[in-house]
Amino acid sequence: MSNRKPVICWFRRDLRVGDNRALTSAADAGAPVVAVYILDHESDGIRPPGGASRWWLHQSLRQLSETLRDRGVQLVLRRGRSVDVLAALVDETGASDIFFSRAYEAGEVSIEHDLNRRLGQRVALHRCRGQLLFEPETLSNASGQPYRVFTPFYKGAMRESAPSEPLDAPSKLLDWDGQLASDDLDAWQLEPTGPDWAGGLRQTWQVGEAAAMDRLEGFLDAAAQDYKTGRDRPDQESTSRLSPYLHFGEISPRQVWHASTAAAVTSPAAAGGIEAFLRELIWREFSAHLLFHWPQLTEKPLRPEFERFPWREDPESLRTWQQGRTGYPIVDAGMRELWATGWMHNRVRMIVASFLVKDLLIHWREGEAWFWDTLVDADLANNVASWQWVAGSGADAAPYFRVFNPTLQSKRYDPDGVYARRWIPELGHAPDALADGPQVTSPESAYPEPMIDHAAARERALAAYAALRDT
DNA sequence: TGCCGTTTCGG
DNA sequence: CGAAACGGC
């Protein structure tokens, strides 16, 4: 067996061994498996990961290396243009096949086309599914077009046959006994090289496939019961926090789907919460569907009139927002949670995004760029689709006149100020500091005054929108 | 997956 | 007179 030609399993955003069609198919080929991960910041159309994502990727690759090593296979690390690296690996190993999970972002799609042109005649390429439940090409609306609106997309997806059973991790992997050079993970410097800002991330997250499955099971055992309303409460632990694992493919949407539907059967009390949860999983599918069919979503508003929107250039206010010093506790708590942990509660994401885009009239792309750099779950499709949703410039978006009032949102979703105080220590323990809004902060506190009057800002935003519509 | 000013309804 | 309903942004 050692002299047999190997097959290559090219890991991308599927950093797991369970329910990984590419890996399982490679194993089933019966040949030795060469596993590779390529750090590709060079191919055209690739947006390199932000700081928090790089930190996560480092942990994730270390874990995957260990998992594969335990199964007798080395994870080869290479950097460069994916197609060049794969061509070199084929030369070095004489591999007959390459197995990989398909990806959907424009840059990744081009890589797959280039790979086919470059190596399609020499080796068998196996493009496997796994990152999504539903392929973007297979879902279309009544007129045969890609969906632009969530609800019909959701209904259409629910009419599809249910996702098939997840695969177990392959029971047997054959190692290839040739020698392959591999980069040293540390040399990629994915972790902070200067000041160590990742302490909060380390405290918050257990990265990796096993942790992802633990988290899913823990969520389904407890929080899912109360998810329908609890998911809006940043002061509670009611959400799954699976987003970074899903982004990096440490868990597959099919695994999430199956564990969830099974839990709904076992525990009818949780069924409503689980349905709401799976609906969020379908939002992830919808974002991927939109970006696949409208790659320009990353840069351009889907509603063309927003090209003329009078966004303000205001670097100082942008920085104030980024640093969580707006003077609105729910906004600042969210921005500080993001900076400290690489994650922000979904309800709070909507609040801070509304504040940036509507109160400050700063372009959604600035917010999107900041989230890209700071979120451990930063995902191109989710990020741009959600920012356009908030800004009102997307196809199926919140109407522009929906302006979140940060004070009201605090009262409703963080009624005791628990969340705000957790992230803003200088608020102290004054009983109603938050419920009553920003103006209650004590004068000697270091906490800033509101940077802008919300009522006036709301009027300004509505006027800007009205002008857009009338011209 | 809004907010807000106004109107209407019931005790 | 407060809560609920409503309609415009």
Side-chain angles (χ1 to χ4, degrees), chain A residues 147-155 157 226-236 238-241 243 272-287 290 302-303 305-306 309-310 328 330-331 334 343-361 364 367-368 371 377 379 381-415 419 435-439 450 452-471:
Chain A
Y147 288 101
R148 300 167 62 101
V149 182
F150 176 72
T151 303
F153 176 87
Y154 178 73
K155 289 179 177 161
D226 160 59
Y227 183 79
K228 236 177 180 165
T229 52
R231 73 198 187 91
D232 272 325
R233 293 291 298 268
D235 56 340
Q236 298 171 6
S238 300
T239 64
S240 74
R241 297 186 182 237
S243 49
I274 287 170
E275 188 184 345
F277 171 62
L278 291 178
R279 198 179 162 88
E280 297 302 306
L281 197 64
I282 301 301
W283 269 102
R284 174 179 180 273
E285 301 278 324
F286 181 56
S287 297
L290 282 181
L302 228 51
R303 290 174 191 264
E305 69 268 25
F306 273 84
F309 193 83
Y328 286 93
I330 191 84
V331 174
W343 186 86
M344 193 195 305
H345 187 279
N346 179 253
R347 164 63 48 180
V348 187
R349 292 190 197 197
M350 292 192 283
I351 298 169
V352 304
S354 176
F355 190 82
L356 182 77
V357 166
K358 301 188 176 177
D359 287 55
L360 300 181
L361 292 182
W364 62 264
E368 195 269 317
F371 273 27
D377 64 29
D379 181 275
N382 287 332
N383 208 33
V384 297
S386 301
W387 275 95
Q388 292 227 34
W389 184 89
V390 171
S393 61
D396 174 28
Y400 191 83
F401 52 73
R402 257 189 218 169
V403 181
F404 285 73
N405 179 325
T407 310
L408 268 182
Q409 291 279 315
S410 309
K411 280 188 173 155
R412 205 170 291 154
Y413 300 115
D414 183 31
Y419 175 74
D436 288 346
Q439 57 277 45
I452 193 168
D453 175 62
H454 172 69
R458 175 174 179 271
E459 290 306 316
R460 181 175 69 168
L462 293 176
Y465 177 61
L468 188 68
R469 298 188 65 193
D470 297 343
T471 52

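Per chain, numbering begins at 1; letters A, B, ... match sequence-line order. All heavy atoms count here, side chains included; hydrogens, waters and symmetry mates do not. These numbers were taken from a predicted model, which means no experiment stands behind them.
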| Under 4.0 Å between a Lys/Arg side-chain N and an Asp/Glu carboxylate O for Arg347(A) and Asp232(A)? | yes
| query | Does Glu280(A) pair with Arg231(A) as a salt bridge, N-O distance under 4.0 Å? | reply | yes
| Nearest to the side chain of Leu462(A), which nucleotide is it out of dG2(B), dT1(B), dC9(C)? | dC9(C)
In this structure, how many angstroms lie between the [atom2] atom of [N] and the [atom1] atom of [X], rounded?
{"X": "Arg458(A)", "N": "dG5(B)", "atom1": "CZ", "atom2": "P", "answer": "8 Å"}
{"X": "Phe355(A)", "N": "dG2(B)", "atom1": "CZ", "atom2": "C1'", "answer": "16 Å"}
{"X": "Glu280(A)", "N": "dT1(B)", "atom1": "CD", "atom2": "P", "answer": "11 Å"}
{"X": "Arg402(A)", "N": "dC3(B)", "atom1": "CZ", "atom2": "C1'", "answer": "11 Å"}
{"X": "Asp453(A)", "N": "dC4(B)", "atom1": "CG", "atom2": "P", "answer": "11 Å"}
{"X": "Tyr400(A)", "N": "dC9(C)", "atom1": "OH", "atom2": "C1'", "answer": "12 Å"}
{"X": "Phe401(A)", "N": "dT1(B)", "atom1": "CZ", "atom2": "P", "answer": "14 Å"}
{"X": "Leu468(A)", "N": "dC9(C)", "atom1": "CG", "atom2": "P", "answer": "15 Å"}

Indicate whether OP1 or OP2 belonging to [N] is found under 4.0 Å from a side-chain N or O atom of [X].
{"X": "Asn405(A)", "N": "dC4(B)", "value": "yes"}
{"X": "Gln409(A)", "N": "dC3(B)", "value": "yes"}
{"X": "Arg412(A)", "N": "dC3(B)", "value": "yes"}

| Ser243(A) pairs by side chain to side chain donor-acceptor pair (under 3.5 Å) with which of Asp377(A), Asp379(A), Asn346(A), Asn382(A)? | Asp377(A)
| query | Considering only heavy atoms from C-beta outward, does the side chain of Arg458(A) approach that of Asp359(A) to under 4.5 Å? | reply | no
